[in-house]
Amino acid sequence: MTPPRTAGPVDAEKSPAAILKPLDARAVTIEGGVWARAQAVNHDAALPHGHRMLEAAGNFENLRLAGGRSTGRYRGPVFMDSDVYKWLEAAACEIARAPSAWLESTSKEAIDLVAAAQGADGYINSYYTVAEPGKRWTDFAHGHELYCAGHLIQAAVAFRRATGDDRLLAIARRFADYLHSQFGPGRRVATPGHPEVEMALAELYRETGERRHLDLAAFFLEHRGRGWLGPGRYNSSVSFQDRVPIRESTTVEGHAVRALYLTTGVADLYLETGDRALYETLDRQWRDMVEGKLYLTGGVGARHLSEAFGHPYELPNDLAYCETCGAIASVMWSWRMLLATGESRFADLIERTLYNAVLAGVSLKGDRYFYVNPLASNGDVELLSRGGNRRKEWHLVACCPPNVMRLFAALGHYVATRDGAGLQIHQYGSARVTADLAAGSVALRMETAYPWDGRVRLTIEDAGAKAWTLGLRVPGWCAVASARLDGRAVGVLAAAGYLQIERAWKRGDVVELDLPMPARLTEAHPRIESTRGCVAIERGPLVYCLESADNPHGHVADLEIDATAPLESVWTPDRLEGVALVRGAGWVVDTRSWANRLYRPVGAPPAARGCVMLTAVPYYAWANREPGAMRVWIPRGAPGPA
Ligand SMILES: [Zn+2]
């Protein structure tokens, strides 16, 4: 008997505007490579670490205080509950993916705390229960009450889907009932300072079928952009995306995480309504981001001030903000855009962002986290901001660590989809994929050393009863993709960016996809100040960087690259859990002739330069060894004096 369908984080099965449908949550098993390692570390190290940190930082204790189970003072910022909910969402996905008695018992204890913290009217928020009783709904801009509610709803839906346990969902539905009693037409008008509840209510609608949840999401979305939230801390409603109504937005602006949680919520509303005006505004905003405000890593948010997007081309390297949560938000948004369109540009950005902006946010061991992900570091300890070159075990504002945990636990969700014609593979890696297609039940196994090697062998294990089309994404970085079956070239490259192979498949059919990935140099738009005269090394989906540990010939800031020399890739199993290094020729500039001066007249005797071999490692793996300097963008040198 076929077990009942179990949805992943976005259940667009019935969404009228989703032309691609996500697979069952158990349909994809990642079996090897970078993502299998990341999932194992997430399970074995990150989730236990997160549980300890939530206890140590006071998140669990705040819920005990709210539930009358303990006495003392509230600790931490107003949104502490949300980190518990994100951890619970990760735990739910992990319990389904890789069962664990410890995760089951600890998450049950955490749900007990949430249950006890719920008021008789359904409201839950430990800050406004313990620290500021009577001040509920008095600070929409900064209070994060609806943000916390959204994360509770998402965790509850995940628990129901992953385990069948609907205890947390019952709690979330009571809270949602309370929200309906407060907000909506004829009741209170509001929009939250930090979007999140919108996508959560859309998912609650998908889970329960109750239309009023989607209507409330739309209510919050449509009241945005009218300056209602006030000027904010930075004297601008831009920070809150409250300057322009969602239907008139042409840019991504303000706080990057809020901006992309908002567009994700709007994308959910589009998937459920098919309202083309919403899609068109989202497409404009997505292009505004990738054409002017996106780091090479996929990171977003150029400014520490207000954690915000900057102007187009304003993309400093050392002072990049690139909050890990911003990258996760970008993945959530692009996933919905991919479901809406089937276009590979969205899966391309998901790939770039996962490998370079999300994976960089967590240490290889899973117990240290970046909040800020700069593209260059001079190696000095950063005392004034959240940046720097050392990941921390936790943060006072700890939104990022449990956000990474829930994304990694659900990574299989983003690998493949289906439509009426067949199956689409969006992300490559060693994995087994199953799907119920119109043509019948199918299964295939991907075997590959991706992202180190672009050859992917896909073996059909269950062929289905009728012909169907296998769609294979051709990554934007790949110049010449090809696929062979029985030694013959197959596939037609469709406009959406997928190699389409339609046939009556047989068990044992093998498609050999080849996505050559020689190391390559990338240059940036000349208007980006911080990258002028520089190139970056990329290989396949990975962005590379120079780090002190591999380049002992001089300070990383003094290195230049010979952009005319060949690059060599070297598989190195014993470095950084196994990486392909990229080596190339360059120079180290002897800056001693500058003495202690910052500036000098043009025409001074040129600095000497020595030939060196540069060694680059994947950016995601930086800052896992002794502290040092790092840079992604490397000045392009030329023979002769500097
Ligand atoms: Zn964060």
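Fair warning: this is a prediction, and the values are worked out from it, not measured in the lab. Start at 1 and go down the list; that is how both ligands and their atoms are numbered.
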Participant: Is any side-chain heavy atom of Y128 less than 4.5 Å from a side-chain heavy atom of Y123?
Facilitator: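 A side-chain contact exists here, since the closest heavy-atom pair is under 4.5 Å.
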Participant: Parallel, tilted or perpendicular for F346 and W286, by the 30°/60° rule?
Facilitator: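 F346 and W286: perpendicular rings.
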Participant: Work out how many protein N, O or S atoms lie closer to the Zn ion (ligand 1) than 2.8 Å.
Facilitator: 4
Participant: Should the pair D283-R345 be classified as a salt bridge under the 4.0 Å nitrogen-to-oxygen rule?
Facilitator: yes
Participant: Measure up the F408 and W35 rings against each other and bin them: parallel (under 30°), tilted (30 to 60°), perpendicular (over 60°).
Facilitator: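 Rings of F408 and W35: perpendicular, as their planes differ by over 60°.
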Participant: Can you tell me if T163 uses its side chain to pair, donor with acceptor, with the backbone of A92 under 3.5 Å?
Facilitator: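 Here the side-chain-to-backbone pair does not exist.
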Participant: For Y127, enumerate each residue passing the side-chain hydrogen bond (donor to acceptor under 3.5 Å, both in side chains) test, keeping only those at least two apart in sequence or located in another chain.
Facilitator: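 Y127: side-chain hydrogen bond (donor to acceptor under 3.5 Å, both in side chains) contacts with E132.
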